[in-house]
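Before I ask anything, here is the structure I am working with.
Chain letters run A, B, ... following the sequence lines, proteins first, then strands; residues in each count from 1. Model, not experiment: these values are computed from the prediction.
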There are 2 protein chains.
Amino acid sequence: MPVDKSSYKDKKVMSIGIISELTGLSERKIRYYEERKLIFPERTGKGTRKYSFSDVERLMEIADQIEDGVQTFEIKKELTKRQIRDERNKMIRGQINAQFNMRN
Amino acid sequence: MPVDKSSYKDKKVMSIGIISELTGLSERKIRYYEERKLIFPERTGKGTRKYSFSDVERLMEIADQIEDGVQTFEIKKELTKRQIRDERNKMIRGQINAQFNMRN
DNA sequence: CGTGTAAGGAATTCTGACACG
DNA sequence: CGTGTAAGGAATTCTGACACG
């Protein structure tokens with residue numbers, strides 16, 4: 001039961017130009033949301049940003065919230081909450097697996 | 001029963017640099033295989049090539065064959081055969097659907 | 001606060017060509 | 001035939017800054 005899950009969707013392979021096309025957001029906005037820690041592109045050796053399809057989806061969510069008047073600070077808070085929750089779930093899952101494996 | 005199927009895998013979004021990284025092939029080789037009609041990237045407005053994850057897989061196949069001494073001409077022939085077969089299948093499927101819909 | 005823009009540099013990509021074998 | 005490379009230009013991306021509100 002491999003937990004690969006790193007399918008194409010999460011691979012950081014697109015440069016900011018296509019991301020701008022795909023999301024309809026300006027490059028300025030995209031870079032700004034990164035500055036506010038709402039999105040986390042990778043970097044190539046020489047520093048150009050690389051995004052995944054997941055990032056595209058994430059950007060659409062962010063854009064929707066911004067449009068609704070939500071401030072980046074609020075969006076960030078929500079994101080942090082979600083990350084903490086995910087982190088906790090991962091730990092619990094790990095413990096369950098440990099329990100399970102002990103029985104074998 | 002939508003036939004969308006244009007998931008992330010087939011979206012042409014990567015530039016030749018990442019493709020080179022992902023496949024391990026030189027940009028020269030990648031452009032050459034295109035010249036030989038073995039692969040079909042799209043182009044952005046200003047002419048830079050855009051590839052999909054499917055293209056990455058296709059390039060790996062091509063690389064394997066080249067390594068086995070198969071010439072691009074042969075690879076192209078196989079590709080053409082496959083395309084004809086696919087085309088035929090698509091038509092048949094279309095006819096079956098027509099038959100099916102007539103019954104409703 | 002969120003976003004546009006001009007600025008200058010660095011890195012990317014493109015094409016056509018010469019080279020070798 | 002398949003691929004490397006140097007060449008020159010065009011397009012992309014990057015950062016820090018000024019602007020407006």
Side-chain angles (χ1 to χ4, degrees), chain A residues 11-80, chain B residues 11-80:
Chain A
K11 224 147 194 219
K12 309 261 187 181
V13 293
M14 296 176 273
S15 49
I16 199 166
I18 329 105
I19 297 300
S20 176
E21 260 183 52
L22 261 39
T23 61
L25 301 173
S26 67
E27 299 185 4
R28 179 69 167 94
K29 286 180 179 178
I30 298 169
R31 293 197 188 99
Y32 181 65
Y33 299 152
E34 175 184 2
E35 190 183 321
R36 305 319 310 271
K37 302 277 179 49
L38 303 181
I39 189 169
F40 311 92
E42 290 181 355
R43 297 277 181 145
T44 63
K46 306 88 176 195
T48 79
R49 276 166 264 250
K50 290 299 164 199
Y51 303 84
S52 67
F53 283 110
S54 295
D55 290 330
V56 172
E57 294 183 4
R58 174 79 185 127
L59 280 166
M60 304 293 257
E61 283 178 27
I62 295 171
D64 285 345
Q65 297 190 68
I66 292 280
E67 208 165 3
D68 291 347
V70 184
Q71 286 191 282
T72 57
F73 177 70
E74 296 298 331
I75 301 176
K76 172 65 179 170
K77 274 203 303 198
E78 283 310 308
L79 176 59
T80 305
Chain B
K11 229 153 188 213
K12 309 262 186 178
V13 293
M14 296 176 273
S15 49
I16 199 165
I18 331 105
I19 297 300
S20 174
E21 260 185 51
L22 261 37
T23 61
L25 303 173
S26 68
E27 300 187 2
R28 179 67 168 96
K29 287 180 179 178
I30 297 170
R31 293 197 188 99
Y32 181 65
Y33 300 153
E34 176 184 2
E35 191 183 319
R36 305 318 310 270
K37 303 278 180 44
L38 303 180
I39 190 169
F40 310 92
E42 290 181 356
R43 297 276 181 145
T44 64
K46 306 87 175 195
T48 78
R49 276 166 264 250
K50 290 300 165 200
Y51 303 84
S52 67
F53 283 111
S54 295
D55 291 330
V56 172
E57 295 184 3
R58 173 80 185 125
L59 281 166
M60 305 292 255
E61 284 178 26
I62 294 171
D64 285 345
Q65 298 190 68
I66 292 279
E67 208 164 4
D68 291 347
V70 185
Q71 286 191 283
T72 56
F73 177 70
E74 296 297 332
I75 302 176
K76 172 63 178 170
K77 275 203 302 197
E78 283 309 309
L79 176 58
T80 306

Discussion item. For a quick test of reading the model: is some side-chain N or O of B/Tyr32 closer than 4.0 Å to OP1 or OP2 of D/dT3?
Written reply: no
Discussion item. What is the distance, to the nearest angstrom, from the CG atom on A/Asp64 to the C1' atom on C/dG2?
Written reply: 17 Å
Discussion item. Go nucleotide by nucleotide along DNA chain C from the 5' end; which of A/Val70 and A/Thr48 gets its closest nucleotide reached first?
Written reply: A/Val70
Discussion item. For the CE atom of B/Met60 and the CG atom of B/Leu25, what is their distance to the nearest 0.5 Å?
Written reply: 7.5 Å
Worksheet item: CG of A/Leu59 versus P of C/dG2: gap in Å, rounded?
Response: 15 Å
Fill in: Residue-phosphate contact under 4.0 Å: B/Lys46 side-chain N/O, D/dT12 OP1/OP2
yes
Discussion item. Once you apply a heavy-atom cut-off of 4.0 Å, does A/Thr44 come out as touching a base, just sugar-phosphate, or nothing?
Written reply: nothing
Worksheet item: Is any side-chain N or O of B/Arg43 closer than 4.0 Å to OP1 or OP2 of C/dT15?
Response: yes
Discussion item. Let me spell it out: for each of B/Glu27 and A/Glu27, pick the nucleotide of DNA chain D with the closest heavy atom. Which residue's pick is nearer the 5' end?
Written reply: B/Glu27
Item to complete: Can you figure out which of D/dG2, D/dC14, D/dT3 approaches the side chain of B/Arg36 most closely?
Response: D/dG2
Worksheet item: Which part of the nucleic acid, if any, lies within contact of A/Ser26, taking any heavy atom under 4.0 Å across all strands shown: a base, the sugar-phosphate backbone alone, or nothing?
Response: sugar-phosphate
Practice prompt. With a 3.5 angstrom cut-off on both distances, give the Watson-Crick or G-U wobble partner of C/dA6, or none if there isn't one.
Written response: none
Worksheet item: Taking for each residue the nucleotide of DNA chain C bearing the nearest heavy atom, is the 5' side occupied by A/Phe73 or by B/Ile18?
Response: A/Phe73
Fill in: Spacing between B/Glu74 atom CD and D/dG2 atom P, to the nearest angstrom
10 Å
Worksheet entry | Neighbour count >12 (heavy atoms, 6.0 Å) for atom NZ, A/Lys76 | yes
Worksheet item: Can you tell me how far CD of A/Glu57 sits from CG of A/Leu22, rounded to the nearest 0.5 angstrom?
Response: 10.5 Å
Worksheet entry | Given C/dT13, C/dT3, D/dG2, the nucleotide with the shortest approach to the side chain of A/Ile66 | C/dT3
Worksheet item: Is any side-chain N or O of B/Tyr33 closer than 4.0 Å to OP1 or OP2 of D/dT3?
Response: yes
Discussion item. Nearest 0.5 Å, please: how far is CD1 in A/Ile62 from OH in A/Tyr32?
Written reply: 12.0 Å
Discussion item. Using whole Å, what does the distance between atom P of nucleotide C/dT5 and atom CD1 of A/Ile30 come to?
Written reply: 15 Å
Worksheet item: With respect to the side chain of A/Arg28, which nucleotide from C/dT13, D/dG2, C/dT5 is positioned closest?
Response: C/dT5
Discussion item. Could you identify the nucleotide paired to D/dG16, looking across every strand shown and requiring Watson-Crick or G-U wobble geometry with both distances under 3.5 Å?
Written reply: none
Worksheet item: Taking NZ, NE, NH1 and NH2 as the nitrogens, is one of them in B/Glu21 or A/Lys11 under 4.0 Å from a carboxylate oxygen of the other?
Response: no
Practice prompt. Establish, with yes or no, whether the OP1 or OP2 oxygen of D/dG2 is under 4.0 angstrom from a side-chain nitrogen or oxygen of B/Thr72.
Written response: yes
Fill in: hbond_proxy B/Arg49 side chain to C/dT13 base (donor-acceptor, 3.5 Å cutoff)
no
Worksheet item: Once you round to the nearest 0.5 Å, how far does CD1 of B/Ile75 lie from CD1 of B/Ile39?
Response: 11.5 Å
Response to the item:
A/Ile16 CD1 to D/dC14 C1', in whole Å, measures 9 Å
Discussion item. Measure CG/B/Leu25 against C1'/D/dG4 and give the value in whole Å, please.
Written reply: 14 Å
Worksheet item: Tell me: CE of B/Met14 to C1' of C/dT13, nearest whole Å?
Response: 16 Å
Practice prompt. Rounded off to whole Å, could you give me the CD-to-C1' distance for the A/Glu67 and C/dT3 pair?
Written response: 15 Å
